[in-house]
Amino acid sequence: MKDVHIAILGFGNVGMGVWEILMNNGSKVDCILGRKVEIKKILVRDINKKRSIDVPDGIFTDNIDDIISDDDIDIVVELMGGIQPAFQYIKESLKNGKHVVTANKAVMATRGRELLHLANEAGRELRYEASVAGGIPIINTLNKDLAANNIEEITGIINGTTNYILTQMTTRGMSFDEALKQAQDMGYAEADPSSDIEGEDAAFKLSILTSIAFGVQVSPEKIPTHGITNVTEMEIEYARQLGYTVKLLSKVKKVDKKLELYVHPALVPSNHPLAAVSDEFNALFIRGDAVGDLMLYGKGAGSLPTGSAVLSDIMYIIDDMDENNDRMIKRRKYNGDLEAVGEGKGEYYIRFQVSDEPGVLGMISTTFGKHGISLASVVQQGRGEKSVPLVFVTHKVERTNLDAALKAIENCDFIEDIACILKVEKFKRFFK
């Protein structure tokens with residue numbers, strides 16, 4: 001059998017990770033596949049830039065046509081990030097008869113359905129395991145290993161930057177700003193970390209998971225998304241006192257004919273495995289009607305873990321090419337019976353900063369009651385000070401009712417700030 005030639009679009013951390021894995025483990029990959037895999041071209045902006053990895057002459061190019069028009073290239077690996085020009089390059093590659101592997105969560109979340117349809121029409125494979133949770137094989141697990149299950153729920157920590165920040169705040173007592181600065185120094189956060197800390201990155205990934213697990217396409221901008229910028233040392237300590245750990249969770253759950261989904265900082269019971277996921281690691285808790293509860297855990301980013309997921313997709317494609325079957329063009333059907341409804345009902349932690357005046361607690365409690373919100377607990381500390389924190393934990397309530405109550409409360413003179421709102425996660429059962 002002839003060699004398989006691939007081209008890489010972009011040569012950042014992940015691209016160099018793919019190169020490194022093939023250089024170090026290429027003989028093993030070739031032995032498993034029964035043919036040699038070679039990188040023929042790498043698209044970069046500047047072919048003369050000095051890089052930490054030595055690449056033979058003639059492989060770098062700054063012209064996409066050198067790849068799209070080359071009939072000898074079988075698989076295009078898109079690792080550029082962003083929506084454009086990555087989307088256009090993927091589209092052109094498929095139209096020109098090439099299989100595509102991508103790690104691009106933004107493209108797959110916003111234009112994935114269109115690209116998968118195009119791949120079907122072209123009889124080519126489009127795989128994107130590395131777009132969610134780095135080296136954790138979540139997409140192949142959902143598509144194949146759990147295909148006999150009706151998925152009931154996916155709850156995950158799928159952004160390593162925010163998990164690293166929250167871990168430092170929890171274990172080392174850092175402030176948010178201190179933990180963010182350390183994450184940037186360690187290379188876990190970008191110079192502009194807004195996509196991570198505001199929850200956008202996690203919303204892209206949740207959109208992809210929802211499409212795969214439930215056959216429902218939900219645009220990332222329609223997913224209720226809240227970041228971690230309002231989480232302070234106070235939340236970390238209150239969570240500990242209440243028996244919880246703060247995590248940024250991404251969740252989609254089937255409730256009858258509806259899908260509840262959101263990205264939200266949350267209180268996770270400290271005895272649940274998700275609470276123990278630390279630093280840059282990711283984890284996904286999955287419930288299927290047949291398999292029950294399981295959790296996948298591993299590094300959610302990094303050149304080698306993500307590069308491993310990319311190589312896995314490449315090897316799957318080559319296996320399908322060799323078997324010459326129709327498996328590659330069979331896709332999960334989109335489900336029109338399920339409706340995405342946002343957060344749905346849930347329990348919430350709300351911290352107010354209030355003036356320490358008589359009757360404040362009663363007035364807030366009364367307003368909650370008028371909006372049909374019952375309270376599970378109240379924590380009041382710092383008496384005698386001019387400004388004090390006041391924490392409420394609610395029973396289950398619709399988010400729209402909670403927002404209406406908060407709007408009425410925030411107009412009161414004694415309210416200085418609605419400082420933080422967290423989800424309170426409850427799980428039906430835990431791992432034994």
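Along the sequence shown, residues carry numbers from 1.
Between the Arg172 side chain and the Thr170 main chain, no donor and acceptor come within less than 3.5 Å of each other. Remark: side-chain polar atoms of Asn163 are paired, donor with acceptor, to backbone N or O of Val277 under 3.5 angstrom. A donor-acceptor pair under 3.5 Å is absent between the side-chain atoms of Ser219 and the main chain of Glu221, judged by distance alone. Checked by atom type and distance alone, the side chain of Asp289 pairs as donor or acceptor with a backbone atom of Asn150 at under 3.5 Å. Between the side chain of Asn282 and the backbone N or O of Gly298, no donor-acceptor pair lies under 3.5 Å. Checking side-chain atoms of Thr225 against main-chain N and O of Gly199 turns up no donor-acceptor pair under 3.5 Å. Using modelled atom types, no side-chain atom of Lys40 and backbone atom of Asp70 make a donor-acceptor pair closer than 3.5 Å. Under a 3.5 Å cut-off, the side chain of Lys41 and the backbone N or O of Gly58 do form a donor-acceptor pair. Within the 3.5 Å criterion, the main-chain N or O of Ser308 finds no donor-acceptor partner in the side chain of Ser312. A donor-acceptor contact shorter than 3.5 Å is absent between the side chain of Asp256 and the backbone of Lys258.
The local environment of NZ in Lys2 is crowded, with over 12 non-hydrogen atoms from other residues, nucleotides or ligands closer than 6.0 Å. Counting heavy-atom neighbours within 6.0 Å of Asp54 CG, excluding the residue itself, gives a total of 12 or less. Heavy-atom neighbours of His395 NE2 from other residues, nucleotides or ligands within 6.0 Å: above the threshold of 12.
Taking the ring centre of Tyr188 as origin, the terminal cationic atom of Lys299 falls outside the region bounded by 6.0 Å and 45° from the ring axis. Both cation-pi conditions hold for Lys423 and Tyr262: the charged atom is under 6.0 angstrom from the six-membered ring centre and inside a 45 degree cone around its axis.
In this structure, Asp62 does not pair ionically with Arg45, as no charged nitrogen and carboxylate oxygen lie closer than 4.0 Å. Under the 4.0 Å criterion applied to side-chain N and carboxylate O atoms, Lys95 and Glu92 are not assigned as salt-bridge partners. For the pair Asp403 and Lys407, the salt-bridge criterion is not met [side-chain N within less than 4.0 Å of a carboxylate O]. Salt bridge status for Asp30 with Lys36: present, with a side-chain N to carboxylate O gap under 4.0 Å. Checked for salt-bridge contact, Glu153 and Lys251 meet the test: a charged N lies under 4.0 Å from a carboxylate O. Salt bridge Lys98/Asp74: absent, no basic N to carboxylate O contact under 4.0 Å.
The shortest side-chain heavy-atom distance between Phe176 and Gln168 does not fall under the 4.5 Å cut-off. Two residues are said to be in side-chain contact when any heavy atoms from C-beta on lie closer than 4.5 Å; Leu248 and Ile157 fail this criterion. Put simply, the side chain of Leu180 reaches to within 4.5 Å of the side chain of Pro193, judged on heavy atoms. The shortest distance between side-chain heavy atoms of Leu274 and Phe427 falls below 4.5 Å. Side-chain contact between Val393 and Leu375 is absent, with no heavy-atom pair separated by less than 4.5 Å. Two residues are said to be in side-chain contact when any heavy atoms from C-beta on lie closer than 4.5 Å; Leu9 and Val77 fail this criterion. Between Val252 and Leu209, the closest side-chain pair of non-hydrogen atoms is not below 4.5 Å. Side chains of Lys91 and Leu115 form a contact here, defined as non-hydrogen atoms less than 4.5 Å apart.
The aromatic ring centres of Tyr238 and Tyr244 sit 6.0 Å or more apart. Aromatic rings of His272 and Phe285 (six-membered ring for Trp) have centroids within the 6.0 Å cut-off, being under it. Within the 6.0 Å centre-distance limit, the rings of Phe60 and Phe11 are counted as a close aromatic pair.
Heavy-atom minimum distance, Ile158 versus Ala202: CD1-O, 3.7 Å. In terms of heavy-atom proximity, Asn104 sits nearest to Ala86 at ND2-CB, 3.5 Å. In this structure, Ala119 and Leu126 approach most closely via the heavy-atom pair CB-CB, 4.0 Å. Minimum heavy-atom separation, Glu125 to Asp320: OE1-OD2, 3.4 Å. Nearest heavy atoms, Ala183 versus Ile165: CB-CG1, 4.2 Å. Annotation for Ser52 and Met16: closest pair OG-SD, 3.8 Å, computed over non-hydrogen atoms.
The closest side-chain donor-acceptor pair between Glu78 and Tyr128, if any, does not fall under 3.5 angstrom. With hydrogens and angles left out, the side-chain atoms of Asp66 and Thr61 include a donor and acceptor closer than 3.5 Å. Side-chain contact annotation: Asp177 with Ser175, donor-acceptor N/O pair under 3.5 Å absent. A donor-acceptor pair shorter than 3.5 Å cannot be found between the side chains of Gln182 and Glu178. Side-chain contact check for Gln84 and Gln88: no donor-acceptor pair (N or O, by modelled atom type) lies under 3.5 Å. Under 3.5 Å, the side chains of Ser278 and Thr167 contain no donor-acceptor pair of N or O atoms. For the residue pair Tyr349 / Glu235, a side-chain donor-acceptor distance below 3.5 Å is found, with atom types taken as modelled. Thr162 and Asn159 form a side-chain donor-acceptor contact under 3.5 Å, judged by distance and modelled atom types alone. Side-chain atoms of Asn401 and His371 include no donor-acceptor pair closer than 3.5 Å.
Going from atom CD1 of Ile39 over to atom CG of Leu22 covers 5.0 Å, rounded to the nearest 0.5 Å. The structure places CG of Leu249 at 6.5 Å from OG1 of Thr155, a figure rounded to the nearest 0.5 Å. Rounded to the nearest 0.5 angstrom, Leu284 CG and Leu142 CG are separated by 8.5 Å. Interatomic distance, CD of Glu410 versus CD1 of Ile418, reported as 4.5 Å (0.5 Å rounding). The distance from atom CD1 of Ile409 to atom CD1 of Ile350, rounded to the nearest 0.5 Å, is 8.0 Å. In this structure, OH on Tyr89 lies 14.0 Å from OG1 on Thr102, to the nearest 0.5 angstrom.
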Do Glu343 and His264 pass the side-chain contact (heavy atoms from CB on, under 4.5 Å) test, and can you show the C-alpha distance, the side-chain angles, and the key distance before you say yes or no?
-> CA-CA 9 Å; Glu343 291 186 31; His264 208 299; 3.7 Å; yes
Are Gln184 and Glu190 close enough, and set up right, to give a side-chain contact (heavy atoms from CB on, under 4.5 Å), and what steps lead you there?
-> CA-CA 6 Å; Gln184 290 171 321; Glu190 301 290 341; over 6 Å; no
Hey, mind stepping through Ile286 and Ile138 against side-chain contact (heavy atoms from CB on, under 4.5 Å) and telling me if it holds?
-> CA-CA 10 Å; Ile286 305 165; Ile138 178 62; 3.6 Å; yes
Residues Ile208, Lys105; criterion side-chain contact (heavy atoms from CB on, under 4.5 Å); working and verdict = CA-CA 8 Å; Ile208 294 170; Lys105 55 186 173 287; 4.1 Å; yes
